[in-house]
Every structure is written in structure tokens, then in C-alpha cells.
Protein chains: 2
Amino acid sequence: MANIRDIAQMAGVSVTTVSRVINNHPYVSEEKREAVIQAMEKVNYQVNRTAVNLSQGKTHLIGVVVPFARHPYFGLLIEGVAKQAMERHYHFVLIQTNYEGSREWEALNMLKHKQIDALIICSRTLALDEIERYQQYGAIVVCENATGNQYVDSVYIDHYQSFTDALTYLHQHGYQQIGYCIGRQSGSNSYFRHQAYQDFLKRYPQQEFIFTDNYYFEDGQKIVDEIMQLRVKPDALLVSCDIVAAGIFTAVQNIGIEIPNDLALIGFDNQPMSKMMGITTFEVPIVTMGERLFIHALGEAETSHEKLAVTLIERKTV
Amino acid sequence: MANIRDIAQMAGVSVTTVSRVINNHPYVSEEKREAVIQAMEKVNYQVNRTAVNLSQGKTHLIGVVVPFARHPYFGLLIEGVAKQAMERHYHFVLIQTNYEGSREWEALNMLKHKQIDALIICSRTLALDEIERYQQYGAIVVCENATGNQYVDSVYIDHYQSFTDALTYLHQHGYQQIGYCIGRQSGSNSYFRHQAYQDFLKRYPQQEFIFTDNYYFEDGQKIVDEIMQLRVKPDALLVSCDIVAAGIFTAVQNIGIEIPNDLALIGFDNQPMSKMMGITTFEVPIVTMGERLFIHALGEAETSHEKLAVTLIERKTV
DNA sequence: TTGTAGGCGTTATCAC
DNA sequence: GTGATAACGCCTACAA
């Protein structure tokens with residue numbers, strides 16, 4: 001494959017001139033430009049991006065860390081990132097961690113080794129102060145409330161507030177035994193939601209119902225099975241993601257539990273599926289969040305920490 | 001940031017020696033190795049992968065082209081690719097095309113510009129002979145029957161056969177008005193399925209029912225709406241992906257259509273969701289397919305074209 | 001076992 | 001306008 005020197009020789013100019021025409025820089029006469037273009041076309045010249053990267057000290061690549069790539073929530077987040085990446089002529093390396101710390105380290109090391117320019121961590125298991133240290137190698141953005149942290153940027157929604165709003169809404173509609181379903185128990189976002197739940201329980205004492213490790217549609221069945229084992233059952237459920245809510249909605253139909261009379265449901269994210277099933281949910285601007293994460297990764301955001309608003313969509317499950 | 005030369009100087013050795021210890025090459029005395037390691041630790045030395053890439057002419061990166069990253073089918077495919085990539089210390093750049101040709105060109109150009117070593121095309125809209133030409137820049141693997149093509153590798157399942165099997169199975173169970181639901185009409189895999197359907201109709205004449213542009217759960221509702229408009233309705237549906245079948249299954253419950261009596265359903269892929277809902281489906285080894293795609297991309301496959309087997313999982317919707 | 005020197009393909013800084 | 005030439009950071013004959 002021809003390189004820039006070959007082209008220079010063929011066109012009878014210097015590599016500088018060739019570089020200028022490649023990058024549309026000024027100060028090159030029309031004849032020489034023409035000659036260079038001729039030469040490039042003749043041998044089907046293509047720039048080697050690796051060389052450009054080395055020379056510029058940039059890769060035009062950012063890393064995106066997700067626990068599960070095929071979860072609808074992260075799917076939308078990725079979509080947002082991809083959208084901005086494309087517009088700005090960037091690409092991204094997807095790193096699925098399954099919440100294994102070693103994979104997160106690997107992503108961090110890619111930053112260290114200059115394989116990527118910046119890193120977006122959509123969800124993490126490593127401690128934030130471990131992650132912070134890698135900020136010296138490139139921008140790091142997390143998708144959780146990291147307000148006050150001076151090393152990493154963050155884009156997030158106020159999970160405490162939205163959970164509180166949802167609980168209050170259910171309470172106002174007369175529900176008295178409210179539980180919630182979530183993915184993992186640990187994690188920053190889960191923490192805020194749990195806090196909201198605990199604070200709500202202080203105001204309106206009732207039994208606690210928490211269902212954990214729920215990520216996918218089929219986990220809805222699992223939750224319903226668990227509920228059926230209970231002597232005292234919840235009469236309303238806050239479900240951290242729509243697809244699980246849809247699973248509950250479906251699983252419940254065969255066993256004579258009526259929604260919303262016997263059981264109310266509030267989902268999160270406003271995935272298309274919840275619309276079709278008429279599930280009351282919170283609209284979370286996930287795609288926008290992905291886009292903003294990317295903007296922060298490029299260091300083009302005005303503020304370090306950015307909160308996005310959510311809105312309740314009232315449908316038929318409350 | 002320190003480079004290999006700095007380390008060499010600090011340790012009082014040559015860059016060659018440093019390179020040797022970095023890459024665990026033989027022929028370096030214990031003392032020198034120790035000195036180098038000391039120096040590296042002292043300044044927290046990290047290799048610059050871009051430089052390694054340029055020097056070796058490899059990026060250790062492969063491109064993965066999908067139309068929609070958050071579709072469950074492609075999600076599983078990506079999972080398979082990711083699995084192998086991790087084991088072999090590769091990473092991958094995800095390119096979502098939305099079936100826009102320009103995005104596919106972009107992926108092809110990444111190969112040309114040596115930003116990636118190889119390219120996996122999970123689904124395409126560009127013509128295969130356009131794609132073929134880029135094979136000179138790196139291995140290209142497609143996820144469709146490309147038997148006989150000498151430029152690109154392929155990993156695929158026999159859609160003609162599985163569709164034929166499914167149609168026959170439905171026929172044997174007494175269904176007489178069989179239709180099918182699919183994503184896009186064009187595309188190689190769709191072509192084979194359509195052929196199977198046409199050939200079946202020749203053997204057992206009946207009205208034709210084809211529902212296109214169905215990708216997600218909510219499209220099930222769309223299909224059911226369309227069916228309700230029909231004077232003559234299908235009594236069985238072959239659905240090219242489980243999630244759509246699940247959507248149909250759900251949409252049908254409110255309008256008094258009984259499954260499988262009024263309408264039989266056969267899905268594809270055996271996604272967890274179909275298990276939960278008891279949907280009869282074909283088990284397609286999607287994750288394995290992703291893994292094999294990766295192996296082919298690395299040029300480590302024994303044959304150029306590889307067919308994977310599918311099996312029918314009988315459940316309650318036929 | 002070790003080191004020298006050239007190469008990988010660009011970009012960027014000067015001087016002309 | 002144009003062109004040497006030195007980075008960028010690493011690898012690898014080849015020589016010693």
C-alpha cells in the first residue's frame with residue numbers, strides 16, 4: 001500500500017504538500033494539488049489512521065462501558081452515544097463487563113494505554129476513587145450523580161426525587177403496601193432509590209417489599225412467583241425498568257391478579273413496550289443522556305455535572 | 001508521559017532490552033530486567049498501543065456492523081463476538097447502520113484506513129460485490145449464506161430449511177392459512193425465507209400472508225391490527241423473531257383470539273422471553289454464531305463458510 | 001545477551 | 001507557496 005511519501009514522489013512534490021491537500025490546508029497551488037490528487041487516485045491511496053493517531057496523540061475512539069449490552073436501558077444509552085459519535089466523526093469501543101471488576105480495569109487500561117481518548121462508564125462496580133485516578137489519562141464520564149467530584153464528569157437523573165414522586169403518587173392513589181423491583185442492590189443509582197424508599201417508609205410505615213436482581217422481561221415471572229409465596233403481598237410495585245414491569249404485567253394475567261386493582265405498576269424509562277401495554281411509567285431521556293455523556297467525554301460540556309429531568313407518564317397500571 | 005527511550009535511559013540499557021522485558025522476550029539478564037522494571041514502576045510507565053499498532057500494522061480492533069444494536073437478535077450476536085474478543089485480547093468497534101448504506105461505507109472505510117483489522121457484517125444493505133472489494137484491506141465476514149464466495153467468509157443458518165420445516169410442521173398440525181412476519185423484505189436471509197414460503201405455497205396452495213417491517217415487541221400489535229382488517233385471516237404465523245411473536249401473543253389477549261386454536265405461532269431464536277410465554281420456537285445458536293464470526297474475522301476458521309444447525313422447540317403455541 | 005539503527009505513516013515546525 | 005526534517009513511540013533485523 002502506498003504511503004504519503006510514495007504519493008509525494010509520484011506527484012513530484014514534498015510530503016508536506018501531500019499532507020496539505022489531504023487535510024485541505026491552504027497554501028498549495030492548483031497545479032500541485034491536481035498532481036497530488038492524480039497520484040492518489042492512481043494508486044488508490046488511503047491514509048493510515050493509526051499513523052495519524054500516533055502523530056496527533058489521539059485515537060478518535062472512546063470507550064463505552066456497560067454491564068449488559070443487550071439490556072434495553074443500555075441499548076438506548078448506546079444509541080445516544082452512537083448518534084453523537086457519528087456526527088463528530090468518532091467511533092466507540094464497546095466494553096461489556098457483566099459487572100466484573102476485571103473488565104472495568106481493562107477499560108481503564110485502554111485509556112491508560114491510549115487506545116481510547118476518553119471513557120464513558122454507564123454503570124460500574126469499581127469504587128469511584130479507583131476510577132478517578134485514571135482521569136489523568138483521559139476524560140472519564142459516569143452515568144450517576146457524582147456532583148462535587150472534581151475528577152470525573154457525570155450525567156444523571158435524580159433517582160431519589162423520581163422514586164419519591166412515584167411513591168407519593170401511589171400513596172395518593174390509595175396504595176398502602178408498596179414495594180419496588182430493581183436490578184442490583186449495590187450501585188449508586190440503586191442507593192438513591194433505596195434511600196427514597198426508606199424515607200417514604202418512615203413517613204408512611206408499612207412492610208418493606210424489595211425484589212432484587214431483576215433485569216429482563218422474564219424476571220417479571222420470577223417476581224410474581226416470589227410474591228405468590230408471600231403471606232402479605234404488595235399492592236403496588238415500582239419497577240426500575242419497563243421491560244421488567246412488562247414481564248410482571250404478563251406473568252400476572254394467568255393467575256387472576258388484576259392490574260391495577262390488585263396490583264399497581266409504575267415502570268421506568270418509557271420504553272415502547274410500556275406504551276403498547278399501557279404501563280404507567282417515567283419518561284427518562286435515555287438517548288439524550290447517552291448524547292450528553294458523549295459530549296462530556298469530549299470535554300465540550302459547559303458544566304461538569306449535569307442533571308436530566310424525568311416526567312411521569314400516566315397510563316393504566318395505577 | 002515517559003516513553004520507552006526514557007525507561008532505557010533510566011535503567012541504563014537500550015530500548016531493545018526494554019522492549020524485550022515489556023513483551024516477555026528471552027535473552028535478558030535478570031539484573032537488567034530488574035532495573036527496567038524498577039524504572040517502569042518509578043515513572044508509572046505505560047506502553048502506547050497506538051505506537052505498537054503502527055509498528056505492527058495491526059490495531060487489535062475489529063469492526064462489528066449491525067443495523068440495530070438494541071435488537072435482541074443482534075444483542076446476542078454482539079455478545080458472542082464480545083466473548084471471543086475478550087478471550088483473545090481484542091476489542092471491537094460497534095457500528096450501527098440503521099440500514100443506511102452510508103454507515104456501511106464508513107465501516108468499510110475504517111477497514112481501508114486501518115482503523116480496524118477486520119470487519120464483521122451482521123446484516124447489510126450494500127451489495128455483496130461492493131463489499132467484496134474491500135477484502136483486500138482486511139478480512140470480512142458476513143452473517144448470511146455466502147457459500148461459493150471466495151472473498152468474504154460467512155457463518156449462517158439455513159433459513160430455507162428451517163422455514164420449510166416450520167411450515168411443514170404447521171401444515172401437519174392442520175393449519176391451512178399460514179403467514180409469516182419478518183423484518184425487512186430485502187436481504188439475503190429474508191430472500192431464502194421467502195423462497196421457502198413460495199415453494200410451500202406451490203405444494204399447498206393457499207392465500208399469501210406476509211407482514212413486513214417487524215422488529216420489536218410493539219410491532220406485534222401492529223401485526224394484530226393488520227390481521228383484524230383482513231377478511232380472510234391467517235390461522236398460523238411464522239414469526240422471524242421471538243420478541244415479535246411475544247408481542248403478537250400479548251396483543252391478541254384482549255381481543256378474544258385464542259392461541260393456538262385461532263392462531264398458531266412459531267418464533268425464532270429461542271429468546272428467554274419465548275420460554276416464559278411458552279412460545280414454540282426455533283433454537284438458533286446466536287451467541288455461538290457471534291463467536292464463530294469472530295473466529296473467521298481473525299482468519300482462524302478451518303473453512304470459509306460455516307453453517308450452524310437449528311432445532312425446533314415445541315411449546316404451547318402450535 | 002545486548003545495542004544500533006532504520007522503519008511504521010503522519011503531522012508540525014521551521015526556514016526558504 | 002513549498003519543502004526538509006524532526007517528532008510521535010514502538011518493534012526488529014542485524015551486528016556485535
Side-chain angles (χ1 to χ4, degrees), chain A residues 1-37 39-40 43-61 89 109-117 137-138, chain B residues 1-37 39-40 43-61 89 109-117 137-138:
Chain A
M1 283 208 39
N3 64 27
I4 200 172
R5 250 180 294 269
D6 300 330
I7 301 298
Q9 192 159 14
M10 290 174 64
V13 300
S14 72
V15 292
T16 309
T17 302
V18 178
S19 179
R20 286 208 181 91
V21 354
I22 291 173
N23 300 294
N24 279 318
H25 284 172
Y27 305 129
V28 33
S29 69
E30 215 30 73
E31 316 131 61
K32 299 217 171 184
R33 157 167 285 120
E34 207 43 59
V36 169
I37 291 175
M40 294 200 300
V43 298
N44 186 25
Y45 168 78
Q46 300 299 332
V47 301
N48 180 322
R49 296 291 310 177
T50 306
V52 177
N53 291 346
L54 177 61
S55 186
Q56 298 187 150
K58 288 179 60 176
T59 62
H60 291 273
L61 229 46
H89 301 292
N109 280 327
M110 287 185 77
L111 195 60
K112 205 183 207 174
H113 294 159
K114 296 193 178 304
Q115 291 189 88
I116 52 180
D117 292 343
Y137 305 113
Chain B
M1 286 209 37
N3 63 28
I4 200 172
R5 252 180 297 270
D6 300 330
I7 300 298
Q9 191 160 14
M10 290 174 63
V13 299
S14 71
V15 291
T16 311
T17 303
V18 177
S19 178
R20 286 208 180 91
V21 354
I22 291 172
N23 300 294
N24 278 318
H25 285 171
Y27 304 128
V28 32
S29 69
E30 216 28 74
E31 315 131 62
K32 300 216 170 186
R33 155 166 286 120
E34 208 42 60
V36 169
I37 290 174
M40 294 200 300
V43 299
N44 187 23
Y45 168 78
Q46 299 299 331
V47 301
N48 180 322
R49 296 291 310 176
T50 306
V52 177
N53 291 346
L54 177 60
S55 187
Q56 295 186 151
K58 288 180 60 176
T59 63
H60 292 274
L61 228 46
H89 303 291
N109 280 328
M110 287 185 77
L111 195 60
K112 206 183 204 174
H113 295 158
K114 296 194 177 304
Q115 292 188 88
I116 52 180
D117 292 342
Y137 305 113

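Letters go in sequence order (proteins before strands), and every chain restarts at 1. Every value quoted in this text rests on a predicted model; they were computed, and no experiment measured them.
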Close approaches to DNA chain C from residues 6-25 of chain A, in residue order (heavy atom, under 4.0 Å): Thr16(A), Ser19(A), Asn23(A)

Could you state the atom-to-atom distance from CG of Leu54(A) to P of dA12(C) in whole Å? 12 Å

In whole Å, what is the span from the NE2 atom of His60(B) to the C1' atom of dC10(D)? 12 Å

Measuring only between side-chain heavy atoms, which start at C-beta, is Ile4(B) closer than 4.5 Å to Ile22(B)? yes

Rounded to whole angstroms, how far apart are CD on Gln56(B) and P on dG7(C)? 18 Å

So do the side chains of Leu61(A) and Met110(A) get within less than 4.5 Å of each other, counting heavy atoms only? no

For Glu31(A), which contact category applies under a 4.0 Å heavy-atom criterion: base, sugar-phosphate, or nothing? nothing

Please check the phosphate of dG9(C) (OP1 and OP2 only) for any side-chain N or O of Asn48(A) closer than 4.0 Å. no

Just how far, in rounded Å, is P of dT2(C) from CD of Glu34(B)? 13 Å

Counting only side-chain N and O atoms of Lys114(B), is one of them less than 4.0 Å from OP1 or OP2 of dC8(C)? no

Expressed as a whole number of angstroms, how long is the span from Asn3(B):CG to dC11(D):P? 12 Å

Among dT2(D), dG7(C), dT10(C), which nucleotide has an atom closest to any side-chain atom of Ser55(B)? dG7(C)

Lys114(B) side chain reached by Met1(A) side chain, heavy atoms, under 4.5 Å: yes

Take the protein atom CZ of Arg33(A) and the nucleotide atom P of dG3(D), then report the distance between them rounded to whole Å. 13 Å

Separation of dG9(C) atom P from Tyr45(A) atom OH, nearest Å, is 9 Å

Are OP1 or OP2 of dT11(C) and a side-chain N or O of Lys58(A) less than 4.0 angstrom apart? no

Under a 4.5 Å cut-off applied to non-hydrogen side-chain atoms, are Lys112(B) and Asn44(A) in contact? yes

Can you spot which of Asn48(B), Asn53(B), Leu54(B), Thr50(B) makes a side chain to side chain contact (heavy atoms under 4.5 Å, CB included) with Asn53(A)? Thr50(B)

Whole-Å gap separating P (dG9(D)) and CE (Met40(B)): 17 Å

According to a strict under-4.0 Å criterion, is Tyr27(A) in side-chain N/O contact with OP1 or OP2 of dA12(C)? no

Categorize Arg5(B) for me: base, sugar-phosphate, or nothing, with a 4.0 angstrom heavy-atom threshold over every strand shown. base

Minimum side-chain heavy-atom gap Thr16(B)-Ser19(B) below 4.5 Å: no

Can you find a heavy atom in the side chain of Glu31(B) that is under 4.5 Å from one in the side chain of Val13(B)? no

Are Ser29(B) and dT2(C) close enough that a side-chain N or O sits under 4.0 Å from OP1 or OP2? yes

With respect to the side chain of Ile4(B), which nucleotide from dC11(D), dG9(C), dT10(C) is positioned closest? dC11(D)

